[in-house]
Peer 1: 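Right, I'll just put the structure down here and ask away after.
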Amino acid sequence: MKYLGLAYFTPEKFADMSPDDVKALVSQCPALDEKMRATGKMLVSASLGDLETWKTLRPRGGKTQVTDGPYTEAKEVVGGLFIIDADSPEEALRLASMHPAAQLGEEGGWAVELIPMDFYLAP
């Protein structure tokens with residue numbers, strides 16, 4: 001079964017960190033990402049762009065309306081995502097726990113939400 005992992009962060013907490021602390025934190029991510037990739041179960045891993053560049057598209061009056069920013073206002077926002085292919089829910093949890101947002105960044109408000117996917121279409 002495929003699972004979507006959403007990696008959250010809290011922008012205000014990151015803003016309170018010094019640039020050196022942010023750099024030190026983020027520099028730990030590649031090794032953890034590689035450990036997760038080495039399982040052969042990770043299909044996609046991505047870090048999302050700056051919130052100021054996000055767009056939201058909604059149907060309005062028979063047309064698509066485009067607005068700036070994330071769809072919802074929240075303390076935590078999605079900063080990354082991954083898709084894994086796991087043989088069981090337990091394996092999915094084990095794999096997701098390897099993600100940097102599940103191991104590091106408590107001071108940045110990092111967290112991972114793991115969601116089973118009912119539908120997955122790859123190119």
Peer 1: State, with a plain yes or no, whether a side-chain heavy atom of Leu25 is found less than 4.5 Å away from one of Met17.
Peer 2: yes
Peer 1: Taking all non-hydrogen atoms of both residues, which atom of Ala111 and which atom of Glu76 are closest, and how far apart?
Peer 2: CB-OE2, 4.4 Å
Peer 1: Got more than 12 heavy atoms from elsewhere within 6.0 Å of NZ, Lys55?
Peer 2: yes
Peer 1: Passes side-chain hydrogen bond (donor to acceptor under 3.5 Å, both in side chains), Asp50 versus Thr53? Steps please.
Peer 2: CA-CA 6 Å; Asp50 189 13; Thr53 64; 5.9 Å; no
Peer 1: Begin from the C-alpha positions of Met42 and Met98 and carry the test side-chain contact (heavy atoms from CB on, under 4.5 Å) through to its verdict.
Peer 2: CA-CA 11 Å; Met42 185 169 55; Met98 294 178 182; over 6 Å; no
Peer 1: With a 4.5 Å limit on heavy-atom distance, are the side chains of Leu104 and Trp110 in contact?
Peer 2: yes
Peer 1: Taking the side chain as C-beta and beyond, is there a heavy-atom pair between His99 and Met36 under 4.5 Å?
Peer 2: yes
Peer 1: Going by heavy atoms in the side chains, are Arg58 and Thr56 under 4.5 Å from each other?
Peer 2: yes
Peer 1: For the atom pair CG (Leu95) and CG (Asp87), what is the distance rounded to the nearest 0.5 Å?
Peer 2: 9.0 Å
Peer 1: Less than 4.5 Å apart, side chain to side chain, heavy atoms only: is that true for Pro59 and Thr64?
Peer 2: no
Peer 1: CD of Glu34: more than 12 outside heavy atoms within 6.0 angstrom?
Peer 2: yes
Peer 1: With the 4.5 Å side-chain cut-off for hydrophobic clustering, are Leu32 and Val112 part of the same group?
Peer 2: no
Peer 1: Yes or no on side-chain contact (heavy atoms from CB on, under 4.5 Å) for Met1 and Met117, after CA distance, side-chain angles and deciding distance?
Peer 2: CA-CA 7 Å; Met1 178 165 211; Met117 298 175 72; 6.0 Å; no
Peer 1: Within the 4.5 Å heavy-atom criterion, are Asp21 and Lys23 side-chain neighbours or not?
Peer 2: no
Peer 1: So, the side chain of Thr10 versus the backbone of Glu12: is there a donor-acceptor pair under 3.5 Å, distance only?
Peer 2: no
Peer 1: Does the Trp54 side chain pair with the main chain of Gly49, one donor and one acceptor, at a distance under 3.5 Å?
Peer 2: yes
Peer 1: Rounded to the nearest 0.5 Å, what separates atom CG in Leu4 from atom CD1 in Ile84?
Peer 2: 9.5 Å
Peer 1: Indicate the atoms forming the closest heavy-atom contact of Ala7 with Ala101, along with that distance.
Peer 2: CB-CB, 3.9 Å
Peer 1: Please say yes or no: joined through hydrophobic side-chain contacts below 4.5 Å, possibly via intermediate residues, are Tyr8 and Val22 part of one cluster?
Peer 2: yes
Peer 1: side-chain contact (heavy atoms from CB on, under 4.5 Å) for Arg37 and Thr39? Distances and angles first, verdict last.
Peer 2: CA-CA 5 Å; Arg37 190 186 71 73; Thr39 67; over 6 Å; no
Peer 1: Is it the case that one hydrophobic cluster holds both Val78 and Leu51, taking links as side-chain heavy atoms less than 4.5 Å apart, direct or via other members?
Peer 2: yes
Peer 1: Main chain of Ser97, side chain of Gln103: is a donor-acceptor contact present, judged purely on distance under 3.5 Å?
Peer 2: yes
Peer 1: Examine Leu114 and Leu81 and state if one hydrophobic cluster contains both, with Ile, Leu, Val, Met, Phe, Trp and Tyr joined whenever side-chain heavy atoms are less than 4.5 Å apart.
Peer 2: no
Peer 1: Please work out whether the ring planes of Phe9 and Phe14 are parallel, tilted or perpendicular, with thresholds of 30° and 60°.
Peer 2: perpendicular
Peer 1: Do Tyr120 and Leu43 have side chains that approach each other closer than 4.5 Å (heavy atoms only, starting at C-beta)?
Peer 2: yes
Peer 1: Could you grab the distance from atom OG of Ser45 to atom CD1 of Ile83, nearest 0.5 Å is fine?
Peer 2: 10.0 Å
Peer 1: Less than 4.0 angstrom from a charged side-chain N to a carboxylate O is my criterion; do Asp85 and Lys2 meet it?
Peer 2: yes
Peer 1: Please examine the side chains of Glu113 and Ile115, heavy atoms only from C-beta on, and report whether any two atoms are closer than 4.5 Å.
Peer 2: yes
